[in-house]
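Before any comments, here is the structure.
In the text below, chain A, chain B and the rest are named by the order of the sequence lines, each starting its count at 1.
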Number of protein chains: 2
Amino acid sequence: MNLSDRQMNILRYIAEFVEERSYPPTIRQIGAACDISSTSVVKYNLNKLETDGLILRDPEVSRGLSLDWAKLDAAGLLPEIQKPVGYAVNGAATRVAERVNRATERVVSFFSVPVLGHIAAGEPIQVDVSDYDSADEWIDLNQALYRDRDKLFALRVQGDSMVDASVLDGDIVILRHQEKAENGEMVAAWIDGLGETTLKHFYLEGKQVRLRAANPNYKDMFFPAAQVSVKGRVVSVIRQLE
Amino acid sequence: MNLSDRQMNILRYIAEFVEERSYPPTIRQIGAACDISSTSVVKYNLNKLETDGLILRDPEVSRGLSLDWAKLDAAGLLPEIQKPVGYAVNGAATRVAERVNRATERVVSFFSVPVLGHIAAGEPIQVDVSDYDSADEWIDLNQALYRDRDKLFALRVQGDSMVDASVLDGDIVILRHQEKAENGEMVAAWIDGLGETTLKHFYLEGKQVRLRAANPNYKDMFFPAAQVSVKGRVVSVIRQLE
DNA sequence: AATATACACGAACATCTGTGCGATGTCAAG
DNA sequence: CTTGACATCGCACAGATGTTCGTGTATATT
(Lines give C-alpha, C1' and ligand atoms only; values in the text may rest on other atoms or scores of the structure.)
Protein backbone atom coordinates (compact mmCIF):
# COMPACT_ATOMS: atom_id res chain seq x y z
CA MET A 1 0.00 0.00 0.00
CA ASN A 2 1.65 3.16 -1.19
CA LEU A 3 -0.45 6.26 -1.09
CA SER A 4 0.04 9.18 -3.39
CA ASP A 5 -0.14 12.72 -2.10
CA ARG A 6 -3.51 12.96 -3.72
CA GLN A 7 -4.81 9.99 -1.86
CA MET A 8 -3.52 11.35 1.41
CA ASN A 9 -5.23 14.62 0.68
CA ILE A 10 -8.45 12.84 -0.04
CA LEU A 11 -8.27 10.97 3.23
CA ARG A 12 -7.55 14.16 5.10
CA TYR A 13 -10.38 15.95 3.41
CA ILE A 14 -12.89 13.22 4.13
CA ALA A 15 -11.87 13.15 7.77
CA GLU A 16 -12.15 16.89 8.05
CA PHE A 17 -15.46 16.98 6.24
CA VAL A 18 -17.01 14.28 8.35
CA GLU A 19 -15.77 15.84 11.54
CA GLU A 20 -17.31 19.13 10.54
CA ARG A 21 -20.62 18.08 9.07
CA SER A 22 -21.13 14.54 10.31
CA TYR A 23 -21.76 13.19 6.86
CA PRO A 24 -19.38 12.33 4.06
CA PRO A 25 -18.58 14.51 1.06
CA THR A 26 -19.55 13.78 -2.53
CA ILE A 27 -17.10 12.81 -5.20
CA ARG A 28 -17.33 16.27 -6.66
CA GLN A 29 -16.71 17.92 -3.34
CA ILE A 30 -13.64 15.81 -2.89
CA GLY A 31 -12.51 16.77 -6.36
CA ALA A 32 -12.98 20.45 -5.74
CA ALA A 33 -11.14 20.30 -2.45
CA CYS A 34 -8.23 18.29 -3.76
CA ASP A 35 -7.82 20.07 -7.09
CA ILE A 36 -9.11 17.24 -9.18
CA SER A 37 -11.12 18.43 -12.08
CA SER A 38 -12.63 15.12 -13.04
CA THR A 39 -15.01 13.05 -11.02
CA SER A 40 -13.64 9.92 -12.54
CA VAL A 41 -10.22 10.66 -11.14
CA VAL A 42 -11.69 10.95 -7.72
CA LYS A 43 -13.41 7.65 -8.23
CA TYR A 44 -10.18 6.15 -9.43
CA ASN A 45 -8.40 7.17 -6.27
CA LEU A 46 -11.27 6.16 -4.05
CA ASN A 47 -11.09 2.74 -5.64
CA LYS A 48 -7.46 2.59 -4.68
CA LEU A 49 -8.22 3.54 -1.15
CA GLU A 50 -10.99 1.01 -0.98
CA THR A 51 -8.75 -1.72 -2.33
CA ASP A 52 -6.27 -0.82 0.34
CA GLY A 53 -9.07 -1.20 2.85
CA LEU A 54 -8.71 2.31 4.16
CA ILE A 55 -12.21 3.40 3.28
CA LEU A 56 -15.53 1.69 2.87
CA ARG A 57 -17.77 2.43 -0.07
CA ASP A 58 -21.37 1.67 -0.80
CA PRO A 59 -21.49 1.67 -4.58
CA GLU A 60 -23.96 3.92 -6.30
CA VAL A 61 -24.91 5.60 -3.10
CA SER A 62 -24.53 9.31 -2.72
CA ARG A 63 -21.98 10.09 -0.05
CA GLY A 64 -21.78 6.38 0.51
CA LEU A 65 -18.29 6.26 1.88
CA SER A 66 -16.68 6.17 5.28
CA LEU A 67 -13.22 5.93 6.72
CA ASP A 68 -12.05 2.73 8.30
CA TRP A 69 -10.30 4.17 11.30
CA ALA A 70 -9.02 0.86 12.51
CA LYS A 71 -7.23 0.23 9.21
CA LEU A 72 -5.98 3.77 9.04
CA ASP A 73 -4.58 3.38 12.48
CA ALA A 74 -3.00 0.06 11.62
CA ALA A 75 -1.36 1.73 8.65
CA GLY A 76 0.01 4.40 10.94
CA LEU A 77 -1.90 7.11 9.14
CA LEU A 78 -3.89 8.45 12.04
CA PRO A 79 -1.48 11.24 12.92
CA GLU A 80 -1.38 12.22 9.26
CA ILE A 81 -5.05 12.59 8.65
CA GLN A 82 -6.47 13.39 12.00
CA LYS A 83 -6.84 17.03 12.77
CA PRO A 84 -4.62 18.29 15.58
CA VAL A 85 -7.57 20.11 17.04
CA GLY A 86 -10.51 18.09 18.10
CA TYR A 87 -8.23 15.24 18.79
CA ALA A 88 -9.47 13.11 21.52
CA VAL A 89 -8.40 11.76 24.72
CA ASN A 90 -9.47 9.32 27.28
CA GLY A 91 -7.09 10.18 29.98
CA ALA A 92 -5.18 13.24 29.16
CA ALA A 93 -3.58 14.86 26.22
CA THR A 94 -2.72 18.35 25.28
CA ARG A 95 -5.03 20.02 22.88
CA VAL A 96 -2.96 22.29 20.76
CA ALA A 97 -5.20 24.98 19.57
CA GLU A 98 -8.13 27.06 20.50
CA ARG A 99 -11.55 25.62 20.85
CA VAL A 100 -14.43 27.49 19.40
CA ASN A 101 -17.14 26.31 21.64
CA ARG A 102 -16.48 24.22 24.63
CA ALA A 103 -19.94 22.71 24.48
CA THR A 104 -19.23 21.26 21.09
CA GLU A 105 -19.54 17.57 21.22
CA ARG A 106 -17.86 15.32 18.81
CA VAL A 107 -17.64 11.71 18.02
CA VAL A 108 -14.55 9.72 18.59
CA SER A 109 -13.44 6.32 17.61
CA PHE A 110 -13.44 3.87 20.41
CA PHE A 111 -12.41 0.38 21.01
CA SER A 112 -13.26 -2.03 23.74
CA VAL A 113 -11.15 -3.80 26.25
CA PRO A 114 -12.47 -6.75 28.22
CA VAL A 115 -12.47 -6.72 31.99
CA LEU A 116 -11.02 -10.15 32.47
CA GLY A 117 -11.43 -10.37 36.19
CA HIS A 118 -10.22 -8.75 39.31
CA ILE A 119 -6.92 -8.30 40.96
CA ALA A 120 -6.48 -8.82 44.65
CA ALA A 121 -3.83 -9.87 47.09
CA GLY A 122 -3.52 -13.58 47.60
CA GLU A 123 -4.79 -14.52 44.18
CA PRO A 124 -3.07 -15.03 40.90
CA ILE A 125 -4.47 -12.96 38.10
CA GLN A 126 -6.86 -15.21 36.33
CA VAL A 127 -6.10 -14.02 32.87
CA ASP A 128 -6.65 -16.34 30.02
CA VAL A 129 -5.88 -13.94 27.26
CA SER A 130 -7.75 -16.05 24.81
CA ASP A 131 -10.77 -15.89 27.02
CA TYR A 132 -11.94 -12.54 25.78
CA ASP A 133 -15.38 -13.81 24.98
CA SER A 134 -16.23 -14.66 28.51
CA ALA A 135 -15.82 -11.11 29.72
CA ASP A 136 -19.14 -9.57 30.57
CA GLU A 137 -17.79 -6.16 31.27
CA TRP A 138 -15.97 -3.95 28.83
CA ILE A 139 -14.14 -0.71 29.00
CA ASP A 140 -14.27 1.61 26.06
CA LEU A 141 -11.10 3.50 25.42
CA ASN A 142 -10.19 6.16 22.99
CA GLN A 143 -8.44 4.64 20.02
CA ALA A 144 -6.07 7.51 19.68
CA LEU A 145 -4.51 6.94 23.05
CA TYR A 146 -3.50 3.34 22.97
CA ARG A 147 -1.24 1.29 20.80
CA ASP A 148 -0.99 -2.50 20.57
CA ARG A 149 -4.63 -2.62 21.39
CA ASP A 150 -4.96 -6.32 20.82
CA LYS A 151 -2.95 -7.03 23.89
CA LEU A 152 -4.85 -4.77 26.23
CA PHE A 153 -7.12 -6.01 28.95
CA ALA A 154 -8.51 -4.61 32.14
CA LEU A 155 -8.79 -5.75 35.71
CA ARG A 156 -10.95 -4.45 38.49
CA VAL A 157 -9.16 -3.95 41.73
CA GLN A 158 -10.66 -5.65 44.73
CA GLY A 159 -9.84 -4.63 48.25
CA ASP A 160 -7.16 -2.38 49.57
CA SER A 161 -4.27 -4.57 48.65
CA MET A 162 -2.94 -2.15 46.07
CA VAL A 163 -2.91 1.00 48.14
CA ASP A 164 0.83 1.08 47.98
CA ALA A 165 0.45 1.46 44.23
CA SER A 166 -2.07 4.23 44.78
CA VAL A 167 -4.71 1.99 43.35
CA LEU A 168 -7.89 1.71 45.32
CA ASP A 169 -10.74 -0.71 45.71
CA GLY A 170 -12.92 -0.47 42.63
CA ASP A 171 -10.34 1.13 40.38
CA ILE A 172 -9.95 -0.20 36.88
CA VAL A 173 -6.44 -1.03 35.76
CA ILE A 174 -5.69 -1.24 32.06
CA LEU A 175 -2.86 -3.59 31.27
CA ARG A 176 -0.97 -4.68 28.23
CA HIS A 177 -0.20 -8.33 28.22
CA GLN A 178 3.53 -8.93 28.33
CA GLU A 179 5.78 -11.33 30.19
CA LYS A 180 8.93 -9.28 30.20
CA ALA A 181 9.31 -5.83 31.61
CA GLU A 182 11.81 -3.07 31.14
CA ASN A 183 13.26 -1.50 34.21
CA GLY A 184 11.03 1.16 35.64
CA GLU A 185 7.82 0.00 34.04
CA MET A 186 4.85 -0.47 36.26
CA VAL A 187 3.76 -4.07 35.97
CA ALA A 188 1.36 -6.53 37.44
CA ALA A 189 3.42 -9.36 38.81
CA TRP A 190 2.68 -12.57 40.58
CA ILE A 191 5.13 -13.16 43.38
CA ASP A 192 5.51 -16.79 44.10
CA GLY A 193 7.02 -16.38 47.52
CA LEU A 194 4.22 -14.14 48.74
CA GLY A 195 1.34 -15.74 46.96
CA GLU A 196 0.27 -12.33 45.76
CA THR A 197 -0.33 -10.32 42.67
CA THR A 198 0.97 -6.80 43.01
CA LEU A 199 1.34 -3.62 41.00
CA LYS A 200 4.82 -2.24 41.24
CA HIS A 201 7.58 -0.60 39.31
CA PHE A 202 9.90 -3.30 38.11
CA TYR A 203 13.69 -3.27 38.30
CA LEU A 204 15.81 -6.27 37.47
CA GLU A 205 19.05 -5.94 39.43
CA GLY A 206 21.33 -8.88 38.80
CA LYS A 207 19.41 -11.96 39.81
CA GLN A 208 17.17 -9.98 42.04
CA VAL A 209 14.05 -8.05 41.25
CA ARG A 210 13.38 -4.84 43.06
CA LEU A 211 9.77 -3.77 43.22
CA ARG A 212 9.13 -0.14 43.95
CA ALA A 213 5.72 1.08 45.02
CA ALA A 214 4.19 4.05 43.28
CA ASN A 215 3.61 5.64 46.61
CA PRO A 216 7.04 6.74 47.82
CA ASN A 217 6.08 6.15 51.42
CA TYR A 218 6.33 2.43 50.90
CA LYS A 219 9.60 0.63 50.91
CA ASP A 220 11.01 -1.29 48.00
CA MET A 221 10.69 -5.04 48.02
CA PHE A 222 13.25 -7.53 46.75
CA PHE A 223 12.70 -11.01 45.36
CA PRO A 224 14.70 -13.57 43.45
CA ALA A 225 13.96 -13.10 39.78
CA ALA A 226 12.66 -16.64 39.52
CA GLN A 227 9.87 -15.86 41.96
CA VAL A 228 8.54 -12.89 40.04
CA SER A 229 6.42 -13.48 36.97
CA VAL A 230 5.23 -10.47 35.06
CA LYS A 231 1.66 -10.66 33.88
CA GLY A 232 1.34 -7.37 32.13
CA ARG A 233 2.27 -3.75 32.07
CA VAL A 234 0.06 -1.15 33.62
CA VAL A 235 -1.01 1.31 31.01
CA SER A 236 -3.70 3.27 32.73
CA VAL A 237 -5.63 3.52 35.96
CA ILE A 238 -9.16 4.81 36.04
CA ARG A 239 -11.09 5.70 39.13
CA GLN A 240 -14.75 6.57 38.88
CA LEU A 241 -16.20 7.99 42.07
CA GLU A 242 -19.81 8.50 41.17
CA MET B 1 -41.27 20.15 22.19
CA ASN B 2 -43.65 17.27 21.81
CA LEU B 3 -42.59 14.54 19.49
CA SER B 4 -44.99 12.32 17.64
CA ASP B 5 -44.38 8.60 17.35
CA ARG B 6 -43.38 9.21 13.81
CA GLN B 7 -40.74 11.69 14.80
CA MET B 8 -39.36 9.35 17.42
CA ASN B 9 -39.21 6.62 14.83
CA ILE B 10 -37.37 8.90 12.48
CA LEU B 11 -34.83 9.76 15.14
CA ARG B 12 -34.35 6.14 15.99
CA TYR B 13 -33.95 5.20 12.38
CA ILE B 14 -31.41 7.91 11.70
CA ALA B 15 -29.38 6.87 14.73
CA GLU B 16 -29.47 3.25 13.71
CA PHE B 17 -28.62 4.04 10.11
CA VAL B 18 -25.70 6.25 10.99
CA GLU B 19 -24.37 3.75 13.46
CA GLU B 20 -24.49 1.05 10.85
CA ARG B 21 -23.26 2.83 7.77
CA SER B 22 -21.55 5.97 9.08
CA TYR B 23 -23.51 8.25 6.83
CA PRO B 24 -27.05 9.55 7.09
CA PRO B 25 -30.08 8.20 5.22
CA THR B 26 -31.96 9.99 2.48
CA ILE B 27 -35.43 11.33 2.88
CA ARG B 28 -36.80 8.43 0.90
CA GLN B 29 -34.99 5.88 2.98
CA ILE B 30 -36.43 7.44 6.09
CA GLY B 31 -39.85 7.33 4.50
CA ALA B 32 -39.57 3.69 3.58
CA ALA B 33 -38.34 2.72 7.01
CA CYS B 34 -40.97 4.68 8.87
CA ASP B 35 -43.90 3.83 6.63
CA ILE B 36 -44.22 7.26 5.12
CA SER B 37 -45.19 7.14 1.52
CA SER B 38 -44.48 10.75 0.69
CA THR B 39 -41.11 12.41 0.73
CA SER B 40 -42.70 15.69 1.62
CA VAL B 41 -44.08 14.24 4.82
CA VAL B 42 -40.63 13.17 5.78
CA LYS B 43 -39.44 16.65 5.05
CA TYR B 44 -42.28 18.04 7.09
CA ASN B 45 -41.28 16.00 10.10
CA LEU B 46 -37.61 16.70 9.64
CA ASN B 47 -38.44 20.37 9.69
CA LYS B 48 -40.16 19.84 13.01
CA LEU B 49 -37.16 18.08 14.40
CA GLU B 50 -34.88 20.76 13.13
CA THR B 51 -37.02 23.48 14.67
CA ASP B 52 -36.80 21.60 17.93
CA GLY B 53 -33.07 21.61 17.51
CA LEU B 54 -32.77 17.86 17.68
CA ILE B 55 -31.26 17.46 14.25
CA LEU B 56 -29.15 19.60 11.97
CA ARG B 57 -29.94 19.95 8.31
CA ASP B 58 -28.00 21.26 5.38
CA PRO B 59 -30.68 22.27 2.91
CA GLU B 60 -30.52 20.89 -0.59
CA VAL B 61 -27.79 18.49 0.31
CA SER B 62 -28.29 14.81 -0.13
CA ARG B 63 -28.08 13.05 3.21
CA GLY B 64 -27.36 16.45 4.68
CA LEU B 65 -28.64 15.79 8.15
CA SER B 66 -27.17 14.80 11.47
CA LEU B 67 -28.36 14.23 14.98
CA ASP B 68 -27.56 16.74 17.67
CA TRP B 69 -26.65 14.35 20.43
CA ALA B 70 -26.21 17.05 23.00
CA LYS B 71 -29.74 18.30 22.44
CA LEU B 72 -31.14 14.80 22.36
CA ASP B 73 -29.43 14.13 25.63
CA ALA B 74 -30.75 17.34 27.13
CA ALA B 75 -34.24 16.33 26.06
CA GLY B 76 -33.79 13.00 27.78
CA LEU B 77 -34.19 11.13 24.54
CA LEU B 78 -30.87 9.30 24.52
CA PRO B 79 -32.17 6.13 26.13
CA GLU B 80 -35.03 6.12 23.65
CA ILE B 81 -33.05 6.32 20.49
CA GLN B 82 -29.68 4.92 21.39
CA LYS B 83 -29.12 1.25 20.91
CA PRO B 84 -28.74 -0.58 24.21
CA VAL B 85 -25.63 -2.35 23.07
CA GLY B 86 -22.70 -0.33 21.97
CA TYR B 87 -23.21 2.18 24.67
CA ALA B 88 -20.03 3.62 25.87
CA VAL B 89 -17.91 4.24 28.80
CA ASN B 90 -14.96 6.25 29.73
CA GLY B 91 -14.04 4.76 32.99
CA ALA B 92 -16.03 1.71 33.66
CA ALA B 93 -19.51 0.50 33.20
CA THR B 94 -21.13 -2.79 32.81
CA ARG B 95 -22.09 -3.68 29.31
CA VAL B 96 -25.32 -5.52 29.48
CA ALA B 97 -25.43 -7.57 26.40
CA GLU B 98 -23.26 -9.69 24.28
CA ARG B 99 -20.75 -8.19 21.97
CA VAL B 100 -20.58 -9.45 18.48
CA ASN B 101 -17.06 -8.61 17.63
CA ARG B 102 -14.66 -7.22 20.12
CA ALA B 103 -12.68 -5.51 17.42
CA THR B 104 -15.68 -3.50 16.36
CA GLU B 105 -15.00 0.10 16.82
CA ARG B 106 -17.73 2.56 17.28
CA VAL B 107 -18.25 6.20 17.69
CA VAL B 108 -19.28 7.76 20.90
CA SER B 109 -20.41 11.17 21.92
CA PHE B 110 -17.86 13.09 23.83
CA PHE B 111 -17.65 16.34 25.61
CA SER B 112 -14.69 18.34 26.73
CA VAL B 113 -13.60 19.49 30.10
CA PRO B 114 -10.98 22.17 30.54
CA VAL B 115 -7.86 21.52 32.53
CA LEU B 116 -7.94 24.69 34.55
CA GLY B 117 -4.59 24.29 36.20
CA HIS B 118 -2.80 22.09 38.61
CA ILE B 119 -3.26 21.06 42.15
CA ALA B 120 -0.34 20.92 44.51
CA ALA B 121 0.41 21.36 48.15
CA GLY B 122 0.97 24.90 49.27
CA GLU B 123 -1.12 26.48 46.57
CA PRO B 124 -4.76 27.36 46.36
CA ILE B 125 -6.57 25.93 43.39
CA GLN B 126 -6.56 28.69 40.87
CA VAL B 127 -9.96 27.98 39.50
CA ASP B 128 -11.85 30.76 37.93
CA VAL B 129 -14.78 28.78 36.70
CA SER B 130 -15.62 31.45 34.19
CA ASP B 131 -12.12 31.20 32.85
CA TYR B 132 -12.79 28.23 30.64
CA ASP B 133 -11.44 29.95 27.60
CA SER B 134 -7.95 30.24 28.92
CA ALA B 135 -7.52 26.50 29.28
CA ASP B 136 -5.13 25.18 26.70
CA GLU B 137 -5.58 21.59 27.63
CA TRP B 138 -8.78 19.62 27.47
CA ILE B 139 -9.94 16.25 28.56
CA ASP B 140 -12.53 14.48 26.53
CA LEU B 141 -14.97 12.45 28.51
CA ASN B 142 -17.73 10.15 27.56
CA GLN B 143 -21.02 11.97 27.69
CA ALA B 144 -22.83 8.98 29.01
CA LEU B 145 -20.82 8.83 32.19
CA TYR B 146 -21.13 12.30 33.58
CA ARG B 147 -24.01 14.45 34.66
CA ASP B 148 -24.00 18.20 35.36
CA ARG B 149 -21.34 18.48 32.75
CA ASP B 150 -21.29 22.23 32.79
CA LYS B 151 -19.77 22.25 36.23
CA LEU B 152 -16.97 19.85 35.50
CA PHE B 153 -13.36 20.82 35.26
CA ALA B 154 -10.06 19.05 35.55
CA LEU B 155 -6.83 19.60 37.38
CA ARG B 156 -3.48 18.07 36.83
CA VAL B 157 -1.78 16.85 39.96
CA GLN B 158 1.68 18.17 40.56
CA GLY B 159 4.10 16.52 42.91
CA ASP B 160 3.51 13.85 45.46
CA SER B 161 1.42 15.91 47.77
CA MET B 162 -1.70 13.86 47.14
CA VAL B 163 -0.31 10.40 47.69
CA ASP B 164 -2.46 10.03 50.75
CA ALA B 165 -5.42 10.35 48.42
CA SER B 166 -3.89 7.73 46.15
CA VAL B 167 -3.39 10.38 43.54
CA LEU B 168 0.03 10.60 41.98
CA ASP B 169 2.10 13.16 40.20
CA GLY B 170 0.71 13.62 36.71
CA ASP B 171 -2.72 12.20 37.40
CA ILE B 172 -5.73 14.04 36.10
CA VAL B 173 -8.49 14.73 38.57
CA ILE B 174 -11.96 15.49 37.28
CA LEU B 175 -13.96 17.68 39.63
CA ARG B 176 -17.43 19.06 39.78
CA HIS B 177 -17.54 22.60 41.00
CA GLN B 178 -19.41 22.84 44.30
CA GLU B 179 -18.86 24.70 47.53
CA LYS B 180 -20.75 22.42 49.84
CA ALA B 181 -20.07 18.77 50.36
CA GLU B 182 -22.06 15.91 51.76
CA ASN B 183 -20.38 13.73 54.34
CA GLY B 184 -18.24 11.07 52.78
CA GLU B 185 -17.74 12.76 49.44
CA MET B 186 -14.23 13.13 48.21
CA VAL B 187 -13.55 16.81 47.71
CA ALA B 188 -10.80 19.21 46.84
CA ALA B 189 -10.54 21.59 49.74
CA TRP B 190 -8.38 24.53 50.60
CA ILE B 191 -7.31 24.44 54.21
CA ASP B 192 -6.62 27.86 55.51
CA GLY B 193 -4.59 26.75 58.46
CA LEU B 194 -2.26 24.61 56.40
CA GLY B 195 -2.04 26.73 53.32
CA GLU B 196 -2.77 23.67 51.23
CA THR B 197 -5.21 22.26 48.80
CA THR B 198 -5.92 18.64 49.48
CA LEU B 199 -8.08 15.79 48.22
CA LYS B 200 -9.88 14.08 51.06
CA HIS B 201 -13.13 12.53 52.09
CA PHE B 202 -15.15 15.18 53.83
CA TYR B 203 -17.04 14.78 57.12
CA LEU B 204 -18.62 17.69 58.96
CA GLU B 205 -18.75 16.75 62.63
CA GLY B 206 -20.23 19.53 64.70
CA LYS B 207 -18.09 22.58 64.13
CA GLN B 208 -15.18 20.46 63.06
CA VAL B 209 -14.35 18.97 59.74
CA ARG B 210 -12.76 15.57 59.60
CA LEU B 211 -10.77 14.83 56.47
CA ARG B 212 -10.13 11.18 55.73
CA ALA B 213 -7.52 10.10 53.25
CA ALA B 214 -8.41 7.61 50.57
CA ASN B 215 -5.48 5.50 51.59
CA PRO B 216 -6.44 3.93 54.92
CA ASN B 217 -2.87 3.98 56.10
CA TYR B 218 -3.06 7.71 56.62
CA LYS B 219 -4.65 9.22 59.66
CA ASP B 220 -7.67 11.47 59.65
CA MET B 221 -7.13 15.19 59.99
CA PHE B 222 -9.34 17.62 61.86
CA PHE B 223 -9.89 21.32 61.24
CA PRO B 224 -12.35 23.98 62.31
CA ALA B 225 -15.07 24.19 59.72
CA ALA B 226 -14.28 27.81 59.06
CA GLN B 227 -10.82 26.90 57.85
CA VAL B 228 -11.96 24.42 55.23
CA SER B 229 -13.35 25.67 51.97
CA VAL B 230 -14.56 23.14 49.48
CA LYS B 231 -13.62 23.83 45.88
CA GLY B 232 -15.18 20.89 44.18
CA ARG B 233 -16.06 17.27 44.36
CA VAL B 234 -13.80 14.64 42.89
CA VAL B 235 -15.64 12.74 40.23
CA SER B 236 -12.90 10.77 38.58
CA VAL B 237 -9.19 10.16 38.61
CA ILE B 238 -7.31 9.20 35.51
CA ARG B 239 -3.76 7.99 35.37
CA GLN B 240 -2.06 7.52 32.03
CA LEU B 241 1.25 5.73 32.26
CA GLU B 242 2.38 5.70 28.68
C1' DA C 1 9.56 0.60 -31.56
C1' DA C 2 5.83 -1.68 -29.43
C1' DT C 3 3.37 -2.74 -25.32
C1' DA C 4 1.81 -2.42 -20.73
C1' DT C 5 0.67 0.09 -16.70
C1' DA C 6 -0.58 3.83 -13.76
C1' DC C 7 -2.70 8.11 -13.57
C1' DA C 8 -5.47 11.81 -15.25
C1' DC C 9 -9.14 14.34 -17.99
C1' DG C 10 -13.90 15.61 -19.54
C1' DA C 11 -18.30 14.63 -21.32
C1' DA C 12 -22.50 11.97 -21.35
C1' DC C 13 -25.85 9.41 -18.76
C1' DA C 14 -29.06 7.33 -15.65
C1' DT C 15 -30.33 7.67 -11.12
C1' DC C 16 -30.81 9.62 -6.93
C1' DT C 17 -32.54 13.18 -4.04
C1' DG C 18 -34.34 17.42 -1.89
C1' DT C 19 -37.91 20.74 -2.78
C1' DG C 20 -42.31 22.86 -4.05
C1' DC C 21 -47.13 22.72 -4.69
C1' DG C 22 -51.81 21.44 -4.85
C1' DA C 23 -55.07 18.23 -2.79
C1' DT C 24 -56.96 15.46 0.99
C1' DG C 25 -58.19 14.14 5.67
C1' DT C 26 -58.64 15.28 10.70
C1' DC C 27 -59.97 17.79 14.50
C1' DA C 28 -60.90 21.32 17.69
C1' DA C 29 -62.50 26.23 18.04
C1' DG C 30 -65.80 29.60 16.72
C1' DC D 1 -71.47 24.16 9.81
C1' DT D 2 -67.39 26.75 8.88
C1' DT D 3 -62.79 27.83 9.52
C1' DG D 4 -58.11 27.14 10.00
C1' DA D 5 -54.16 24.82 11.74
C1' DC D 6 -51.97 20.48 11.42
C1' DA D 7 -50.55 16.33 9.29
C1' DT D 8 -50.45 13.67 5.28
C1' DC D 9 -50.29 12.34 0.38
C1' DG D 10 -48.77 12.16 -4.57
C1' DC D 11 -46.29 14.08 -8.08
C1' DA D 12 -43.35 16.81 -10.94
C1' DC D 13 -38.99 19.07 -11.38
C1' DA D 14 -34.41 20.81 -11.11
C1' DG D 15 -30.22 19.93 -9.49
C1' DA D 16 -26.97 16.59 -7.33
C1' DT D 17 -24.41 12.55 -7.82
C1' DG D 18 -22.05 8.07 -8.95
C1' DT D 19 -20.76 5.58 -13.07
C1' DT D 20 -19.10 4.69 -17.64
C1' DC D 21 -16.43 5.49 -21.56
C1' DG D 22 -13.27 7.32 -24.79
C1' DT D 23 -9.05 9.73 -24.62
C1' DG D 24 -4.41 11.60 -23.35
C1' DT D 25 0.20 11.45 -21.00
C1' DA D 26 3.79 9.93 -18.84
C1' DT D 27 7.07 5.96 -17.34
C1' DA D 28 8.68 1.49 -17.40
C1' DT D 29 9.09 -3.06 -19.78
C1' DT D 30 9.94 -6.04 -23.62
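With values rounded to the nearest 0.5 angstrom, Lys43(B) atom NZ is found 11.5 Å from Ser38(B) atom OG.
Looking at Arg12(A) and Asn9(A), their side chains do bring a donor and an acceptor atom within 3.5 Å of each other. For Ser236(B) and Arg239(A), the side-chain atoms include no donor-acceptor pair closer than 3.5 Å. No donor-acceptor contact under 3.5 angstrom links the side chains of Ser66(A) and Arg21(B), judged on distance only.
Listed candidates were dA8(C), dG18(D), dT19(C). Nearest to the side chain of Val41(A) is dA8(C).
Among pairs with a residue in residues 16-37 of chain B, those fulfilling ring pair (Phe, Tyr, Trp, His ring centres under 6.0 Å) read Tyr13(B)-Phe17(B), Phe17(B)-Tyr23(B), at least two apart in sequence or across chains.
Taking 4.0 angstrom as the limit, Ser62(A) places a side-chain polar atom (N or O) nearer than this to OP1 or OP2 of dT17(C). For Arg63(B) and dT17(C), the shortest distance from a side-chain N or O to OP1 or OP2 is below 4.0 Å. Not one side-chain nitrogen or oxygen of Arg28(B) sits closer than 4.0 Å to the OP1 or OP2 atom of dG10(D). At the phosphate of dA8(C), OP1 or OP2 sits under 4.0 Å from a side-chain N or O atom of Asn45(A). Taking side-chain N and O atoms only, Arg6(A) has a distance below 4.0 Å to OP1 or OP2 of dC9(C). For dA8(C), the OP1/OP2 oxygens have no side-chain nitrogen or oxygen of Tyr44(A) closer than 4.0 Å.
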Please tabulate the protein-to-nucleotide N/O contacts below 3.5 Å involving nucleotides 20-24 of chain C, giving atom names and distances.
none

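In this structure, Asp58(A) atom CG and dT17(D) atom P are separated by 16 Å, rounded to whole Å. Rounded to an integer number of Å, the gap from Leu65(B) CG to dT19(C) P is 10 Å. Distance Ile36(B) CD1 to dC6(D) P: 19 Å, rounded to the nearest Å. The distance from atom CD1 of Ile10(B) to atom P of dG18(C) is 13 Å, rounded to the nearest whole Å. In this structure, Lys48(B) atom NZ and dA5(D) atom P are separated by 13 Å, rounded to whole Å. Atom-to-atom, CD1 of Ile27(A) to P of dG10(C) comes out at 16 Å; the value is rounded to the nearest Å. Atom C1' of nucleotide dC6(D) and atom CG of Leu3(B) are separated by 16 Å, given to the nearest angstrom.
Judged by distance alone, with hydrogens and angles left aside, the side-chain atoms of Asp68(B) form no donor-acceptor pair with the main-chain N or O of Ile55(B) at under 3.5 Å. With hydrogens and angles ignored, the 3.5 Å screen pairs no side-chain donor or acceptor of Glu185(A) with any backbone N or O of Val187(A).
Each of Gln29(A) and Asp35(B) lies near DNA chain D, and the nucleotide nearest Asp35(B) is the one positioned closer to the 5' end.
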